[in-house]
Every structure is written in C-alpha cells, then in structure tokens.
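Just below is one structure, and these are the notes that go with it.
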Amino acid sequence: MMNWKSLISNKRLGQEGRHAERHDDRSEFRRDYDRLIFSAPFRRMQNKTQVFPLPGSIFVHNRLTHSLEVASVGRSLGDDVARRLLERHPELRGTFFEEIGNVVSAACLAHDMGNPPFGHSGEKAIQAYFTEAEGASLREKVSPQFWSDITHFEGNANVFRILTHRFKGRREGGFVMTYATLGSIVKYPFSSAVAGDKGKFGFFATEEDTYKRIADEMGILCFSEPGQPLRYARHPLVWLVEAADDICYEIMDIEDSHKLKILSFEETSGMLLSFFSEEQKQKICQRIIDENITDNNEKVIYMRASVIGLLERECVEAFVQHEEEILNGTLTGSLIDHISPRLRDAYKACVKMSVKKIYNSKPVLDVELSGYKIIETLMDSLIQAAVFPEKFHSKQLIGRVSSQYHIDSPDLETRIMAMIDFISGMTDVYALDIYQKINGISLPIV
C-alpha cells in the first residue's frame, strides 16, 4: 500500500539536495501553482480551443478559463478530502498531507498545457501524419519506442514533458516542480508501449527515467516486471485532478451550449436538474424565484453551480470510501464511476446528450475540420524540414522555429521531437498564421 507521507513530497525536480532561500511564507506547493500561472505555456492556453470556436460576440471557454475552473474545483476536492481523512488518520496532522488542496489545484492548472492547437483534432492530426501520411516513411529510421510515442502522441504525456524536459535555455528539471505535483499530473502512468486501443499514456521515452525517479521516490506502486515497459499505479491525487476535470468540462460545456443556442433552455435545465431529487429541484427553483433571477442564462448559471457543488461532494465521498483501493492501486474507472447510482446515471445522460448534440454540432465540427487540416499541413512541412535540414526551403522553415527547441541536433529523433514541440506549443491563432504563410495565402504587411 502507498503511504501518504511519502506521496506528498515537496522535493523539487532538479533541486534535489539543495536548499533554496525563501523570502515569503508560501508553501512549496503554492509556489508550484504560482510558477505555472505566470508561465508562457499557461498563458498560451488563452488562444487554444476547448470545445467551441474561440469567442466572437459570445464568450465560451478556452483552455485557460477551463483550467482555472478545474483548479478551483480541484482545490475544493483536495481540501475536503484532507479534512475528512485527517479524522481517520490523525497522525497526518502537521504533515504535508494538509496541503493536498494546493497540490491538486496546481496539477489541475497544468493538466491541459500539453494539448496542441485545435483540441483533439490537432492531437489526431499529429498522430495521423505518422500513421497515414508522409511520416509513415520514417518508421524504419527511428527506434520502435520513439515510433510508439509519436504515433500515439498524447497531450497528457506532453504536459509531463513540458514541465520536466530541459529545453534550450532552461535549467535542469524544467519548471523545477515538486514531486507531488508532477506525480498528480500523470493520469496514465505507463509508457506508450502499453497504451492499448485508447492510445493514452503518461510520458514519452525521453522523460521515462524522470517519471521513474519521482515515482520510486514517492513509493508509487510499480506493476511492471524488470525489462518490461513501465506501468505504475496512479498517484492517489490523480483521481481528484481527473474528477475536477470531468465535472468541469461536462457541466461547463452544457452551459456554453445554452449560450450558443445549441441547446434550448428546456433541454439545459432538464439535464442540470436531473441530478437532484424532486425535493431538491423544488428548492432550487424556489430559490431562483426568491432571488428574482429572470434571465435564462443566469438561471442556468445557478443550476450549474448547484450541480458542480453536488458532484464535488459526491466525489469527495467516493474518494474517502475507496481510499484503501486507491492506495493499493486497485481502483478502476474514475471517481465519477463510484458516485451514487442516480447521480452517475444523470452524468452519463449528460455525456450522451453532449456527444449527440454538442460535440457533433456544426460549430464544433467546423473547428475540428479546419484545425485538422492546419496541423496536418504544418506537420508535413515542418517534419520534412527536420528530416532534410540541408534543403533550401527547410532552412527557411527552420528559421521560424523558436531557439528553445533542439532543431539543430545531429540526431533525427531529437529534431523530429523538436518540431512536434514547436507545433504542439502553438496557439490556434499562431498555427493559422504559420499555415497561411507556408501556403502563400498571406504576406506580412509592412
């Protein structure tokens, strides 16, 4: 069984054994949060698609606003779990366990930083370039492990790379985050070799030793045999990060869909109120009347807040009830799968409606189609430049790549990964701009 005292480690990657001078009273985990929120990769999420097209006259969520909301819910989950479990484990009082709200909040803040432009369509375009397009010819030129990584390219694994990899000009340890925060980010703690049909994994080969080091230090259970691909249990706080994300993206997408008139008020209120008993529904509706809320958007906001609060409490209860299985690495599914049957059914009904009416709506499909084509084109041009850097046009393209990436490496795999780093780090707007310039659609105006 994993041990809470080892799991909540404030040791920093790249600063092991060093004592840094402090000028304030922030905890190490609060420093993680602040370090992330002031970082360039975090700011770039302001111009990355969450689900719907980036806002015009109607504001909907982007990756940045989504991450801030997930971090808020994650802090509540962590604080409430800590309060409940301290009653069960009084010996944890006065330890870092009391700070798990800060750890979960920081991990939530970072959870989407590795996603490429245009959401999942951008992710699929990167994968497909190597499995269905010109990139397939590279299979015999790279190692099997590297091939597995790039053909399963994963935003989750890319977060861990962004936070830990030593890019040019960056210090050892990348963002120099605490072990606890880094462990809490890795949703799929295994290599791409065992990713399975879903293609999800937690770290690229280049960061595998780093994950192994922090996991072993914290006592995270390892399930792989010597010589086999790495497979670990989840760090327990991953369950809370995942729950915060599940709650926010599903419920907030419903609110956005109402604003965009994809869902009617009747459909939206029906889905949100389905989480409550008849008595609770009456109280919510009466409260809306008593507070004189007449605007339908404001009514939806009130209902949405009520649902998020309810789901947060249910996920805390599920975590506390299944603590032993979580620490043994035997719990399956997600915390949402372990809430009360009525609420679980209501959540699944929302997911079903979202797939039918939201994720297949015209605005969403338009973004996916356009985004896929843009990333497909960037991959084709920039990966070919990495493979044949001596060509004239390749030199022109390489000149656009940020100096932090190892595009001048003599190693082919390093150059290919540098281009993937460059593309995945782009905002939607920047990716569109480079796409237009590569295709001669736009010229700089002097």
Side chains of S27 and E99: any donor to acceptor distance under 3.5 Å? yes
Centroid separation under 6.0 Å, is that true for the rings of Y211 and Y232? yes
N/O donor-acceptor pair under 3.5 Å between E123 side chain and G155 backbone
yes
> With a cut-off of 6.0 Å (strictly less than), are more than 12 heavy atoms of other residues, nucleotides or ligands near NZ of K200?
Replying inline: yes
Review point. If you measure from the Lys or Arg side-chain nitrogens to the Asp or Glu carboxylate oxygens, is any gap between D32 and R12 under 4.0 Å?
Key: yes
Residue set satisfying side-chain contact (heavy atoms from CB on, under 4.5 Å) with E376, at least two apart, ordered chain then number -> Y372, K373
* Asked: Does CZ in R213 sit with more than 12 non-hydrogen atoms of other residues, nucleotides or ligands closer than 6.0 Å?
  -> yes
Only one of E324, E323, E325 passes side chain to side chain contact (heavy atoms under 4.5 Å, CB included) with M1, and that residue is E324
Shortest non-hydrogen pair, M218 vs L7, comes out as SD-O, 3.2 Å
Minimal heavy-atom distance between E208 and S191, with the atoms involved, is OE1-CB, 3.8 Å
Residue pairs passing the salt bridge (Lys or Arg N to Asp or Glu O under 4.0 Å) test with at least one member in residues 407-425, sequence neighbours excluded, are R161-D421, K168-D408
Residue set satisfying side-chain contact (heavy atoms from CB on, under 4.5 Å) with Q384, at least two apart, ordered chain then number -> Y129, E134, D380, F388
Where does the angle between the aromatic ring planes of W4 and F319 fall among parallel (under 30°), tilted (30 to 60°) and perpendicular (over 60°)?
-> tilted
